[in-house]
Number of protein chains: 2
Amino acid sequence: MPKVSKKELIIYHARESFSKNGYELTTLEAIAKECSITKPAIYYHFKDKATLYKAVVCPEFTAIALKIKENTQMGTPTKRLENYIKTFGEFLISNPSFSAIFAREIANGASSMPDECIEQLSRTIGQLISILNDGESAKTFTKEPPFLIQMMIVTTLTSYNTAQPLREKISQYMQNKATQAEPNFHNIIDALSQKIIKGLLC
Amino acid sequence: MPKVSKKELIIYHARESFSKNGYELTTLEAIAKECSITKPAIYYHFKDKATLYKAVVCPEFTAIALKIKENTQMGTPTKRLENYIKTFGEFLISNPSFSAIFAREIANGASSMPDECIEQLSRTIGQLISILNDGESAKTFTKEPPFLIQMMIVTTLTSYNTAQPLREKISQYMQNKATQAEPNFHNIIDALSQKIIKGLLC
DNA sequence: CCTTACTTACTAAACGGTAAGTAAATTATA
DNA sequence: TATAATTTACTTACCGTTTAGTAAGTAAGG
């Protein structure tokens with residue numbers, strides 16, 4: 001029996017809606033309905049819509065930053081980079097709302113991203129930079145712009161998730177091409193990891 | 001003296017706003033103001049907001065599909081793939097509004113993308129599939145999910161553009177790390193192209 | 001009796017879209 | 001060729017709905 005407070009319930013349904021519909025198309029009325037309460041009840045727990053949004057996204061950015069840090073401390077640069085990519089990918093699997101929220105934030109230039117999240121993101125990228133630098137020093141990696149590598153990892157994976165409906169629509173236009181079975185996301189993570197590491201090796 | 005019709009002027013300013021603010025936060029009133037006309041004048045030229053949006057995005061998708069086709073017909077699979085990536089990248093440079101619009105469409109699962117654009121996108125991906133297949137047959141490329149490669153190319157490049165404000169914010173949190181000069185976008189295209197091709201080679 | 005956790009009822013503003021009118025250009029007609 | 005009719009390209013004024021946010025009231029628990 002999950003003993004979840006009403007506040008957490010609101011956050012849960014808000015996350016679903018922000019992920020599915022985006023910030024603008026999410027209405028507090030709809031969230032309230034999902035929670036079987038009324039809209040002003042949300043205002044009892046949260047100052048306004050933007051604050052609710054923060055309550056939705058900040059924990060996710062904090063969690064991913066923590067996991068990345070935990071999983072990319074030890075081993076060779078290659079192994080650490082592999083773990084970086086896999087940790088991020090696995091996080092997207094266990095937090096299905098995150099891909100869409102993150103992809104929209106990037107598309108919007110992070111204009112509405114709370115500072116707290118940006119700080120967590122910097123930590124994550126700082127970790128990536130340290131891995132790339134170590135790999136460079138050890139002459140295993142070539143020198144590349146770290147932010148490009150970050151984008152290759154995170155936007156490829158998040159967009160692969162959000163673009164699933166697009167893939168389905170596109171495959172309808174591809175009658176001629178053989179419709180191969182869609183790889184599952186674990187395979188996509190592995191394939192991306194291999195491609196990026198191979199691309200970086202000296 | 002650029003002889004541009006009022007209709008084209010509306011499309012121009014609409015593109016600017018859709019790119020900068022997204023579909024929901026773009027108001028017809030604001031577009032009208034930019035054109036020095038009134039809102040109903042827009043309705044004289046376009047049925048509704050969605051139709052105006054189509055008029056903004058469809059030409060871009062058609063143009064990129066055409067350019068890709070033109071530039072990736074001849075040469076070795078490696079050269080064709082390089083051209084695919086570079087053509088896409090150069091298109092983003094000459095069409096600065098496109099990155100944000102495209103990135104948002106992907107983030108939204110292309111739910112509001114006109115069928116016409118999806119058809120153009122399918123053509124583009126069809127072209128990529130043919131390059132990858134040829135490379136596979138020639139034993140130069142390993143077999144990879146084409147859609148993953150497509151995402152690695154297009155979302156990395158579009159997001160690299162849209163994420164520029166984010167990069168600036170992040171660099172403020174990175175006092176300790178040396179702030180290396182930001183590579184220009186041509187270099188990013190080259191670097192991505194090399195990484196992807198290297199990752200795909202047998 | 002006071003705080004918690006709400007509900008009902010409401011306001012204000014924004015925004016997509018429309019109705020109706022009009023000046024200027026274009027075309028048809030006498 | 002002068003004039004009447006029509007179309008083009010708008011404007012002013014407005015409507016209806018949606019939605020964030022608020023004021024005020026209330027039932028339950030400590």
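Labels below follow one simple rule: chain letters A, B, ... track the order of the sequence lines, proteins then strands, and each chain is numbered from 1. Atoms considered below: every heavy atom in the structure, side chains included; atoms not considered: hydrogens, waters and symmetry mates.
Other residues, nucleotides and ligands place no more than 12 heavy atoms under 6.0 Å from the OH atom of A:Y12. Atom CZ of B:F185 has more than 12 heavy atoms from other residues, nucleotides or ligands within 6.0 Å.
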Grab the N/O contacts between the protein and nucleotides 7-9 of chain D below 3.5 Å, and write none if there aren't any.
{"from": "D:dA9", "atom 1": "OP2", "to": "B:Y44", "atom 2": "OH", "distance (Å)": "3.0"}

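Side chain to side chain, B:S17 and B:N21 meet the donor-acceptor criterion of an N or O pair below 3.5 Å. Side-chain contact, A:T51 with A:D48: a donor N or O sits under 3.5 Å from an acceptor N or O. Side chains of B:E105 and B:Y23: no donor on one and acceptor on the other come within 3.5 Å. For the residue pair B:T162 and B:R104, no side-chain donor N or O sits within less than 3.5 Å of a side-chain acceptor on the partner.
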With B for base contact, S for sugar-phosphate-only contact and - for none (protein heavy atoms under 4.0 Å), nucleotides 15-30 of chain D reads ----SBBB--------
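Separating the CG atom of B:L52 from the C1' atom of C:dG17 is a distance of 14 Å, rounded to the nearest angstrom. Atom NZ of A:K33 is separated from atom P of C:dT7 by 14 Å (rounded to the nearest Å). As a whole-Å value, the separation of A:K7 NZ from C:dT4 C1' is 13 Å.
Salt bridge status for A:E29 with A:K33: absent, with no side-chain N to carboxylate O gap under 4.0 Å.
Test B:N133, B:T140, B:D134 against B:E136 for side chain to side chain contact (heavy atoms under 4.5 Å, CB included) and you get one pass: B:N133.
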